[in-house]
Amino acid sequence: MTVLGTAARPARAGVRHAHGPSTPDVPGSASVFAALPLGQSVPLSVIGGLLFALSFPSPGWWFLAYPAVACLLLAAMGQRARRASWLGLLAGAVFWVPAISWAGRYLGPVPWFALALLEAALFALGTVAIALAYRWVPRVVTSTAGRVWGLPAVVAALWTGREWFSGSWPYGGFAWGRVGLSQSQGPFTHLAAYVGVLGLSFVVVYCVAVVVSLGLVGGVRLPMRIATAGLLVSAVLAVPAWPTAVHGTVRIESVQGNGPAGYFDRAQPGDVLRSQVAATDVDARGVDLVVWPEAGAEYDPRREPVIAGALDAVVQSVGAPIVAGAVTQTSSGVLHNTSFVWGADGWQASYDKKRPVPFGEYVPDRWFYSKLAPSLIGLLQRDYTPGTKPNVLPVAGIRAGVMICFDVVDDGLTADLARGGAQVILAQTNNADFDGTDENLQQLEIARMRAVETGRSLVNISTVGASQVIDPDGRTIDRVPAYTATSMVTDVPLGTSTTPATVASGDVTLMLSLGGLLVLLACAPWRRRHR
């Protein structure tokens with residue numbers, strides 16, 4: 001840990017680096033945050049990226065996110081923009097390539113590496129901003145307190161802003177791989193109810209950045225540094241869990257059919273439906289609601305009498321309505337990925353997925369990408385259209401919020417569920433295309449964070465797994481083995497409270513991100529000094 005202490009930088013004063021002269025290490029100087037040479041910054045970038053990847057499933061060692069962030073901050077610290085961009089690209093690639101290896105499960109390495117390198121490039125953009133913060137802010141903020149407490153806030157805000165941006169752009173973004181999402185099993189998980197997932201990223205990065213500053217800034221004795229870091233972490237941990245309120249339960253039968261639901265499973269029409277029907281326990285007692293996963297009914301039962309008959313048989317046998325998924329088509333030929341409620345009198349309500357996955361459920365700018373990779377784009381024959389209906393449905397006397405697959409990573413849709421009065425969340429997904437990878441485990445932990453963030457129980461039901469029921473505190477209260485045709489009948493608590501995260505976390509994140517950027521620009525050396 002000497003890299004965090006001032007002893008690790010013994011000869012900073014008067015040292016000339018390859019990219020220019022340094023500033024003498026005197027009180028009020030910014031050279032305490034000067035750049036490390038490539039021989040140290042490159043290994044730190046690689047180590048940081050690897051540790052960050054290991055903090056996500058699998059193995060999901062959440063505690064590695066802290067040294068990962070520390071390594072990445074030290075590697076970027078004080079670097080000039082060009083070098084910081086290359087270090088960030090390296091760290092981003094080392095993280096993203098293994099973290100989303102599941103993206104190449106069926107379509108091969110091209111889409112996998114394309115997505116990983118795009119996200120690595122956005123990671124590099126954030127690294128440049130952080131490097132400039134360590135160069136510019138200490139020249140304006142010269143006090144020890146400002147450098148220990150204020151500078152880390154700017155760094156954490158810039159990190160959070162980069163996560164927000166990469167989760168929003170391009171084509172709606174890819175909100176995977178956030179620091180906050182790595183903490184689903186950690187001691188800071190409960191903070192998501194206060195500040196949301198992005199706010200949790202800010203908290204974790206801020207705490208790490210403060211510890212890094214304590215290790216570098218002079219004028220503070222070692223016992224005081226250790227005590228200050230301990231008090232900061234203790235203060236964060238002392239924040240109590242949000243008092244989630246529940247009122248009553250609903251008995252839900254969640255059915256994991258384990259049918260051939262993959263894109264390349266060569267299933268015949270009706271195979272997935274039959275798997276779902278066979279796995280449904282029609283003898284279960286007192287069930288209020290049956291939930292099937294995404295596309296569990298395959299096609300629109302209003303157009304297919306065979307599907308309608310199968311659903312009617314399940315509803316009649318169980319004595320409860322069913323929430324299922326299917327591909328639906330409007331009279332004008334528009335396709336939707338739909339979740340619908342089917343009761344004793346047939347179709348009752350529906351939600352069309354508002355955020356289809358680019359290059360998975362539709363191809364944006366198809367004319368352009370067909371020229372780049374015609375064979376790959378040609379595999380995706382149909383394009384789903386984003387829906388416009390609310391994602392909260394009335395069913396069985398309650399209001400159920402619906403998330404279809406990657407809806408679970410969307411911050412706005414998560415807030416819409418709570419604001420729409422959802423008492424429970426039904427996260428329907430089809431992970432069959434990622435059989436044998438970590439995708440289903442990573443998505444499950446994202447769902448766990450959404451349960452905490454909204455203060456709602458969440459039923460994560462997949463075609464093949466991982467299927468679990470999670471309470472508002474993030475605890476698993478029921479589960480079934482993956483890749484097994486079965487169902488679980490669970491008394492699921494109904495949430496009634498409103499968490500601060502669902503009310504204001506989006507605005508807070510925006511303010512933090514913009515605030516960090518404005519501080520960075522305000523501290524920029526717009527006027528060069530002339531000797």
Side-chain angles (χ1 to χ4, degrees), residues 248-255 257 270 272-273 276-277 279-282 284 286-332 334-354 384-405 407 413 416-430 456-461 463 487 489-492 494-495:
T249 61
V250 58
R251 179 164 290 184
I252 298 178
E253 180 179 1
S254 312
V255 184
V272 175
L273 174 67
Q276 288 297 133
V277 171
T280 303
D281 184 0
V282 296
V287 173
D288 300 309
L289 171 64
V290 178
V291 180
W292 283 4
E294 176 187 17
E298 298 192 46
Y299 304 105
D300 192 339
R302 296 170 298 181
R303 294 172 175 261
E304 303 290 343
V306 173
I307 297 176
L311 294 175
D312 285 338
V314 171
V315 169
Q316 183 176 3
S317 298
V318 179
I322 182 172
V323 178
V327 178
T328 61
Q329 186 174 4
T330 66
S331 58
S332 59
V334 174
L335 293 175
H336 291 294
N337 186 350
T338 301
S339 178
F340 63 91
V341 179
W342 190 271
D345 54 352
W347 188 282
Q348 295 181 345
S350 66
Y351 159 68
D352 301 322
K353 189 175 183 180
K354 289 186 176 180
Y384 292 105
T385 300
T388 58
K389 300 176 182 178
N391 55 356
V392 178
L393 303 178
V395 54
I398 64 170
R399 296 183 63 81
V402 177
M403 289 179 162
I404 302 177
C405 199
D407 275 355
L413 293 178
D416 289 344
L417 293 176
R419 295 170 184 171
Q423 298 166 276
V424 65
I425 298 174
L426 309 178
Q428 302 165 288
T429 184
N430 177 15
R456 298 291 184 274
S457 299
L458 184 146
V459 178
N460 192 79
I461 184 65
T463 49
S487 69
V489 178
T490 316
D491 291 324
V492 183
L494 297 173

To check you understand the geometry: which heavy-atom pair defines the closest contact between Gln428 and Trp292, and what is its length? NE2-O, 2.8 Å
Could you measure the distance from the OG atom of Ser254 to the CG atom of Asn460? Nearest 0.5 Å is fine. 9.5 Å
Can you tell if the side chain of Ser457 reaches within under 4.5 Å of the side chain of Val424, non-hydrogen atoms only? yes
How close do Leu458 and Ala427 get, heavy atom to heavy atom, and via which atoms? CD2-CB, 4.0 Å
Evaluate side chain to side chain donor-acceptor pair (under 3.5 Å) for Asn337 paired with Glu294, printing each intermediate quantity in order. CA-CA 8 Å; Asn337 186 350; Glu294 176 187 17; 2.7 Å; yes
side-chain contact (heavy atoms from CB on, under 4.5 Å) between Ile425 and Leu417, worked out: CA-CA 8 Å; Ile425 298 174; Leu417 293 176; 3.9 Å; yes
To the closest 0.5 Å, what do you measure between CG (Leu393) and OH (Tyr351)? 9.5 Å
Would the distance check show the side chain of Arg456 and the main-chain N or O of Gly401 forming a donor-acceptor pair, the cut-off being under 3.5 Å? no
Quick check: does any side chain N or O of Gln348 sit under 3.5 Å from a backbone N or O of Val395, one acting as donor and the other as acceptor? no
Start with the C-alpha gap between Asn430 and Cys405, add the side-chain angles, then the distance that decides, and say whether side-chain contact (heavy atoms from CB on, under 4.5 Å) holds. CA-CA 7 Å; Asn430 177 15; Cys405 199; 5.9 Å; no
Under the criterion side chain to side chain contact (heavy atoms under 4.5 Å, CB included), which of Val255, Leu311, Leu289 is the partner of Ile322? Leu311
Smallest heavy-atom separation, Gln276 atom then Pro293 atom, equals NE2-CD, 3.2 Å
Check whether any side-chain heavy atom of Asn391 sits under 4.5 Å from a side-chain heavy atom of Asp407, and report yes or no. no
Where do Ala310 and Val277 come nearest, in terms of heavy atoms and distance? CB-CG2, 4.3 Å
Can you confirm whether Pro390 sits close enough to Asp416 that some side-chain heavy atom of one is under 4.5 Å from a side-chain heavy atom of the other? no
Minimum-distance pair of heavy atoms, taken over all atoms of Ile404 and Lys353: O-CE, 3.2 Å
Trp347 and Phe340 aromatic ring geometry - parallel, tilted or perpendicular at 30°/60° bounds: parallel
Walk me through it: do Arg251 and Val489 pass the test side-chain contact (heavy atoms from CB on, under 4.5 Å)? CA-CA 7 Å; Arg251 179 164 290 184; Val489 178; 3.6 Å; yes
Is there a side-chain contact between Asp312 and Val315 in this structure, where contact means two heavy atoms from C-beta onward sitting under 4.5 Å apart? no
Any donor and acceptor pair, going by atom type alone, linking the side chain of Gln423 with main-chain N or O of Leu494 inside 3.5 Å? no
Just so I know, are the side chains of Val327 and Leu335 near enough to count as touching, which here means a heavy-atom distance under 4.5 Å? yes
Return the minimal non-hydrogen interatomic distance between Gly421 and Arg399, and the atom names on each side. O-CB, 3.6 Å
Gap separating the CG atom of Asp352 from the OG1 atom of Thr385, nearest 0.5 angstrom: 9.5 Å
Taken to the nearest 0.5 Å, the spacing of Ile252 CD1 from Asp288 CG works out to 8.0 Å
Check the pair Asp281 / Glu253 against side-chain contact (heavy atoms from CB on, under 4.5 Å), numbers first and verdict last. CA-CA 8 Å; Asp281 184 0; Glu253 180 179 1; 3.2 Å; yes
Just wondering, do Val492 and Thr249 contact through their side chains at under 4.5 Å, heavy atoms? no
